[in-house]
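Notes to accompany the following structure.
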Amino acid sequence: MKIAVLMKRVPDTASVFKIGADNKSVETDNLKYVMSPYDEHALEEAIQTKEAGKADEVFVITVGPDAAKETIRTALAMGADRAVFVKDDAASDTNCKGTAMILAAALKTEAPELIFAGKQAVDDDASQVPERVAELLDIPHASVVTSFELNDGTALVEREIEGGHYKMEMALPALFTTQKGINTPRYPTLPNIMKAKKKEIKELTFADIGLSAADVASGVTIEEMALPRQDRLNKILDGDNDERVAQLLSVLREEEKVL
Amino acid sequence: MDFGLSEEQEMIRTQVRQIADAFDLEYWRERDKTKEYPQDFLDAFAKAGWLGIAIPEAYGGAGLGTLEACLLLHEICASGAGTSGASPVHFSIFPPMPIIKYGSDEQKQNYLPKIASGEMNLGFSITEPDAGTDTTRISTFAARDGDDYVITGKKVWSSNLQHADRTLILVRTEPYEAVERKTLGMSLFLMDLKSEGITIREIEKLGRHCVDSNELFMDSVRVPATDLIGEEGRGFYHLLSGLNPERLLVAAEAVGIGHAGLDLGIRYAKERIVFNRPIGQNQGIQFPLADAYTKLEVAFLMVMKGAWLYDNDMPCGEEANIAKIRAAEAGFEACDASLQTHGGMGYAKEYHIERLWREVRLFKIAPISQEMALNYVGEHVLGLPKSY
Ligand SMILES: Cc1cc2nc3c(=O)[nH]c(=O)nc-3n(C[C@H](O)[C@H](O)[C@H](O)COP(=O)(O)OP(=O)(O)OC[C@H]3O[C@@H](n4cnc5c(N)ncnc54)[C@H](O)[C@@H]3O)c2cc1C
């Protein structure tokens, strides 16, 4: 059995974010990138499934710029056997829909029986791509999975829902998105870091999977980007409580226009 | 000229940092107070295969070079672990060096895989109270007796022995007076610390409280001849080949602690408001921090150069000593500037900088003092007459 793991390279959330000079994009020069943390859980679950003798192969798949290879190496060092890398040469402005189209197209030739993905990517927090991929591949999916058990041809999973858990059994092939708590992702060991460089990264272009940049264009135009304003007014309000509440409301409404 | 790190070296940095970051500053403050050995920290590194970084692959290690080992120790220190975190790892990198280079196949088979896996911990015992920096004046003596040697004498500052299984010890096998050259007649043993006749007494010290340093007394300790590393009488030379990489390793540690210390200072300088402005807006605070940063970066460049030369089998004595001198100074200056930035809080344990400041001070003294490293540069690089 073959397991695919959808993986995304995202800026480390501990980075300091700055808006670019065009006021429409995030400055990427000084950002540190990592594997989206939920994807680490997805990969860990896949590796554990293989280690339990229930799968033969784990591969990661990602769409991104050339630099995404760095994150792929991390995945290989954690224990993925190989990687499929769809290179977004055109740096197309694709979004969730386009990304899902790309991943689904690339996955068709691989035909994995089991797909894991993080429940969301920590950069855009959209929680859309894996579900869209499942739809495009016409396979069932379960999201926010906190427990996973593979039996003969079926998977028994628990999903987190408001105030409880949802237990379900699904036939494979299927896709699952992982939530924190399902496992503890391992650190790549030094020997595995060294093995990683010998593992295969299969590079595909959009053309290889029968898509063009136009096919996956987002159709979204960003007008402006701004960071939330963060400063202290250092304003001390006088008077009794009622007066101060009135003043505060007036500042928030009229001066700062946040209400 | 290529100053870039390879993809693999970059990954070493990030992955080491990830493991080290799981042990935060509070963990180290606690260890500093209770003096409890950071075994779980060491175990985390052992489990992920880091202790064998410089041990050949044939003996269970990764077979990487001094450069990678420097990256490892730098990241550990830059996480805020200080020498408390670096030293236990350091002891599985430096003492095995003579074994790797001069040990017999049997010794390598017996020891290296266990060192790489963390099953065996080492110390090293060179310094003696009556010899000091003049290593040729050591008097601990190993006399041959059948299949054994019998060792008697005393060492000081032997670190890690409370948790080590063996120590790499330099002893005289011929007295100073009897040898043609004073650097001859010394030998290296990998002495079992459970042997009879050994007394170990811990030294109270300024910093690195959770990793011990000790006096070591040996009264007729029997060591089998199979534990002699390399050739009898040539121990000093066997050791010498590991001294340059060791200088580079500690230089990397000093720079790492400097980075950690500086980060604390920078953060505080941004947050602390006095006279209605962040103190970091005052050039009197900003400049020492900026200055310290430049010195750390320059020192680290020399560490990398020295390590690259060593790994490519080129002489690196000059670079290793320069790196050690500049790094020890830059690391301390960075921590001192950071402590000053913290004002009174710099003196409080809660702000962590005082621990790093105490710990980084060591590198101006050990494993070689600034003065002795300068002696090296004066004599061997500048060609000035030997001063001692
Ligand atoms: C925390 C700690 C851990 C240590 N761990 C170990 C260990 O694990 N194993 C081990 O073997 N050793 C260890 N050491 C010992 C360390 O290597 C020595 O302390 C160091 O080499 C200096 O030797 P010394 O203390 O005998 O100083 P001394 O030789 O007594 O020198 C004292 C001072 O005089 C200066 N000096 C001496 N001669 C000259 C000269 N000719 N020119 C200019 N200046 C001179 C020195 O630079 C120094 O400043 C450790 C030390 C410390 C503090």
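Convention: sequence-line order gives letters A, B, ...; per-chain numbering from 1. What you see is a predicted model, and the numbers here were worked out from it, not measured in a lab.
Nearest heavy atoms, Ala62(B) versus Met194(A): O-CE, 3.1 Å. The shortest non-hydrogen separation linking Pro188(A) to Ala48(B) is O-CB, 4.3 Å.
Of the listed residues (Gly49(B), Gly63(B), Ala22(B), Ala44(B)), the greatest number of heavy-atom pairs within a distance under 4.5 Å of chain A belongs to Gly49(B). Of the listed residues Ile12(B), Leu64(B), Val16(B), the one with more heavy-atom pairs under 4.5 angstrom with chain A than any other is Leu64(B).
Neither the backbone nor the side chain of Leu72(B) comes within contact range of chain A; no heavy atom of the residue lies under 4.5 Å from a heavy atom of that chain.
The local environment of CE in Met225(A) is crowded, with over 12 non-hydrogen atoms from other residues, nucleotides or ligands closer than 6.0 Å. Counting non-hydrogen atoms of other residues, nucleotides and ligands closer than 6.0 Å to OH of Tyr27(B) gives a total above 12.
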Short donor-acceptor contacts under 3.5 Å linking chain B with chain A:
{"from": "Glu7(B)", "atom 1": "OE1", "to": "Arg73(A)", "atom 2": "NE", "distance (Å)": "2.8"}
{"from": "Glu8(B)", "atom 1": "OE2", "to": "Lys197(A)", "atom 2": "NZ", "distance (Å)": "2.9"}
{"from": "Ala48(B)", "atom 1": "O", "to": "Leu190(A)", "atom 2": "N", "distance (Å)": "2.7"}

